Peer 1: 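Submitted below is the structure of interest, expressed as structure tokens.
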Amino acid sequence: MERKDFLRTLGAGAAFALTFPCLQGCSKDDENGDKVEAPTGIDFTIDLNSTEGKKLSNNGSFILKDLVVVVKDLDGNFVAATQVCSHESYDQVRFLSNDGGIFYCDVHGSRFALDGAPLNQVDGNAAKPLRIYNTELNGDILRVYE
Ligand code: FES
């Protein structure tokens, strides 16, 4: 069966979908995660003795809260960054223990130092820094704020 005959048997809709699979855009828009606005006015606390806070007991652990990645880095310091990637605003920034501990977005592979400095280029473009928030530890209460 020739290709055009095959497509005819499928019907117009299926033939169109097979012929133009990227018409809706072959961008990364269908990646896991959502494109979101970076949050503003970040100011919250985490009780390190709470169920949530205990997830930060070990060096190299992190939690997600209010679109912020809260990290206990490999040296035991608390660091916080936006979950919203500076590349295309997907909320997929996470902490990786690799390379001494970095922020990483798996949508297109952006990597950031713990101070938010970009560590690589994506799509050949100069990467923008990742937004970093202040952290302050008072006893067992960790404050994350702008
Ligand atoms: S949105 Fe492209 S690397 Fe994060």
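Counting starts at 1 for both ligands and their atoms, in listed order. Predicted, not measured: the structure shown is a model, and the values here were computed from it.
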Peer 1: Would you compute the distance between atom CG of L48 and atom OG1 of T45 and round it to the nearest 0.5 angstrom?
Peer 2: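 Reported value, rounded in 0.5 Å steps: 10.0 Å.
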Peer 1: Hey, does the side chain of D91 reach the backbone of D34 with a donor-acceptor pair shorter than 3.5 angstrom?
Peer 2: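 Side chain of D91 to backbone of D34, a donor-acceptor pair under 3.5 Å: yes, one is there.
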Peer 1: Ion pair present between D99 and R111, side-chain N to carboxylate O less than 4.0 angstrom?
Peer 2: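 Looking at D99 and R111, the cut-off is met.
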Peer 1: Identify whether the distance between the nearest side-chain nitrogen and carboxylate oxygen of R143 and D43 falls below 4.0 Å.
Peer 2: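 D43 and R143: salt-bridged.
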Peer 1: Among the N, O or S atoms of H87, which one sits nearest to atom 2 (Fe) of ligand 1?
Peer 2: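 Answer by atom name: ND1.
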Peer 1: Using a cut-off of strictly less than 2.8 Å, determine whether C105 has an N/O/S atom near atom 2 (Fe) of ligand 1.
Peer 2: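 Within the cut-off used here (under 2.8 Å), C105 places no N, O or S atom near atom 2 (Fe) of ligand 1.
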Peer 1: Looking at C85, which atoms of ligand 1 are within less than 4.0 Å of one of its heavy atoms?
Peer 2: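 What qualifies from ligand 1 is 1 (S), 3 (S), 4 (Fe).
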Peer 1: Short list, please: which atoms of ligand 1 are under 4.0 Å from a heavy atom of G109?
Peer 2: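 Heavy-atom distances to G109 below 4.0 Å select 3 (S).
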Peer 1: Checking a contact table here: which protein heavy atom is nearest atom 3 (S) of ligand 1, and how many Å away?
Peer 2: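 Closest protein heavy atom to atom 3 (S) of ligand 1: S110 OG, 3.1 Å.
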Peer 1: Using heavy-atom distances, let me know which of E88, R111, H108 sits nearest atom 2 (Fe) of ligand 1.
Peer 2: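 Minimum heavy-atom distance to atom 2 (Fe) of ligand 1 goes to H108.
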Peer 1: Does any N or O in the side chain of N120 come within less than 3.5 Å of the main-chain N or O of G109, such that one atom is a donor and the other an acceptor?
Peer 2: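 Pair found, side chain donor or acceptor close to backbone of G109.
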